[in-house]
Engineer: 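The structure that follows is given in the form of structure tokens.
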Amino acid sequence: MQFKPYARTLIAAMSMAVMAGCSSTGGTQEGSMDGTAGTGAGGVGTGTAGTGQVSGSGLGEGAGQMAGSRIPEVRTIYFAYDSDTIRPEFQSVLQSHARFLQNNGNASVVLQGHTDERGTREYNLALGERRADAVKRFLSVQGVSPSQVEVVSYGEERPAARGSNEEAYAQNRRVVFAY
């Protein structure tokens, strides 16, 4: 019966919405991999080394009110090793992208899936695609039109950080929003 996959997706989406609604801060907007960056005064975030990511708005408390009218600043979310599960600390980032895309029907985004260098090339291409697809499903549940979203996987081919250590691996396990 085809109802089960839709029911599971709906239940997962509702659970995420409840968790996001219960959060006092809504998670981090700075795109930190551990949920701790950018907690300084005035809402100014810190960059994640090696990613080329500029984070934090410097606008303090009112920054969330303008999220639907311009492209969100945080355009990278990170994943755990060998996982395509969206981490709770990045749900607020995804929700801000969903609001932007809903408010700007002519805008489109390419979700670029990436992995670290561990695993075969074929496996990593598939994992990068699963990660980007997970983000696309999240956006779809939030009401974003599928015609606004494209998925591409680069696997391990475009690392954000060079190196064969956990710090580099963590920066490479990501999905990037390319507007």
Engineer: Restricting to non-hydrogen atoms, name the atom on Asn124 and the atom on Gly119 that form the minimum distance, rounded to 0.1 Å.
Structural biologist: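 Shortest heavy-atom contact: ND2-O, 3.4 Å.
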Engineer: Give me the atom names and distance for the closest heavy-atom approach of Tyr78 to Ala170.
Structural biologist: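 Of all heavy-atom pairs spanning Tyr78 and Ala170, the closest is CD2-O, 3.4 Å.
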Engineer: Find out whether Tyr81 and Arg118 are in side-chain contact, i.e. whether some heavy atom of one side chain is under 4.5 Å from a heavy atom of the other.
Structural biologist: yes
Engineer: Determine, for Phe90 and Arg131, whether the Lys NZ or Arg CZ falls below 6.0 Å from the six-membered ring centre while staying within 45 degrees of the axis.
Structural biologist: no
Engineer: Does any N or O in the side chain of Ser108 come within less than 3.5 Å of the main-chain N or O of Gln148, such that one atom is a donor and the other an acceptor?
Structural biologist: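 Checking the backbone N and O of Gln148 against the side chain of Ser108, no donor-acceptor pair under 3.5 Å is found.
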Engineer: Which ILVMFWY residues are connected to Val152, directly or by a chain of links, through side-chain heavy atoms under 4.5 Å apart?
Structural biologist: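 Val152 shares its hydrophobic cluster with Val110, Tyr154.
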Engineer: Which atoms form the tightest heavy-atom contact between Lys136 and Leu111, and what is the distance?
Structural biologist: N-CD1, 3.6 Å
Engineer: Please check if Leu101 and Val176 belong to a single hydrophobic cluster, counting links between Ile, Leu, Val, Met, Phe, Trp and Tyr side chain heavy atoms closer than 4.5 Å.
Structural biologist: no
Engineer: Does the Asn165 side chain pair with the main chain of Glu167, one donor and one acceptor, at a distance under 3.5 Å?
Structural biologist: yes
Engineer: Where do Ala168 and Gly163 come nearest, in terms of heavy atoms and distance?
Structural biologist: CB-O, 3.6 Å
Engineer: Got a second to check how far Gln95's CD is from Gln102's CD, nearest 0.5 Å?
Structural biologist: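 Nearest 0.5 Å value for the CD-CD distance: 10.5 Å.
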Engineer: Is Val93 reachable from Val144 through a run of I, L, V, M, F, W or Y residues, each pair having side-chain heavy atoms under 4.5 Å apart?
Structural biologist: yes
Engineer: Give me the atom names and distance for the closest heavy-atom approach of Thr115 to Glu156.
Structural biologist: OG1-N, 3.3 Å
Engineer: Checking side-chain contact (heavy atoms from CB on, under 4.5 Å) against Leu94, which of Ile86, Val141, Val175 comes through?
Structural biologist: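 Of the listed residues Ile86, Val141, Val175, the side-chain contact (heavy atoms from CB on, under 4.5 Å) partner of Leu94 is Ile86.
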Engineer: Please report the interatomic distance CZ(Arg173) to CG(Asp84), rounded to the nearest 0.5 Å.
Structural biologist: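 Here the interatomic distance stands at 13.0 Å.
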Engineer: At what distance, to the nearest 0.5 angstrom, does CZ of Arg158 lie from CG of Asn172?
Structural biologist: 13.0 Å
Engineer: Can you measure from OG (Ser96) to CD (Gln91) and round to the nearest 0.5 angstrom?
Structural biologist: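 The distance works out to 12.0 Å.
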Engineer: Say whether, by atom type as modelled, one donor and one acceptor occur between the side chain of Arg162 and the main chain of Pro159 under 3.5 angstrom.
Structural biologist: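 Not confirmed, Arg162 side chain does not pair with Pro159 backbone.
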Engineer: Check whether any side-chain heavy atom of Ile77 sits under 4.5 Å from a side-chain heavy atom of Phe138, and report yes or no.
Structural biologist: no
Engineer: Spell out, as yes or no, whether a donor-acceptor pair under 3.5 Å connects the side chain of His97 to the backbone of Ile71.
Structural biologist: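 Between the backbone of Ile71 and the side chain of His97 there is no qualifying donor-acceptor contact (under 3.5 Å).
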Engineer: Would you call Tyr123 and Asp82 a side-chain contact if the rule is heavy atoms closer than 4.5 Å?
Structural biologist: yes
Engineer: Step by step, would you call Phe177 with Val74 a side chain to side chain contact (heavy atoms under 4.5 Å, CB included)?
Structural biologist: CA-CA 9 Å; Phe177 285 76; Val74 178; over 6 Å; no
Engineer: Could you walk me through whether Arg99 and Gln142 pass the side chain to side chain contact (heavy atoms under 4.5 Å, CB included) check?
Structural biologist: CA-CA 8 Å; Arg99 275 192 303 274; Gln142 299 297 315; over 6 Å; no
Engineer: Is there side-chain contact between Glu117 and Tyr169, with heavy atoms separated by less than 4.5 Å?
Structural biologist: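 Yes - at least one pair of side-chain heavy atoms lies under 4.5 Å apart.
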Engineer: How many angstroms lie between atom CG of Leu127 and atom CG of Asp133, to the nearest 0.5 angstrom?
Structural biologist: 11.0 Å
Engineer: Closest heavy-atom contact between Ser153 and Leu125?
Structural biologist: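 The answer is OG-O, 2.6 Å.
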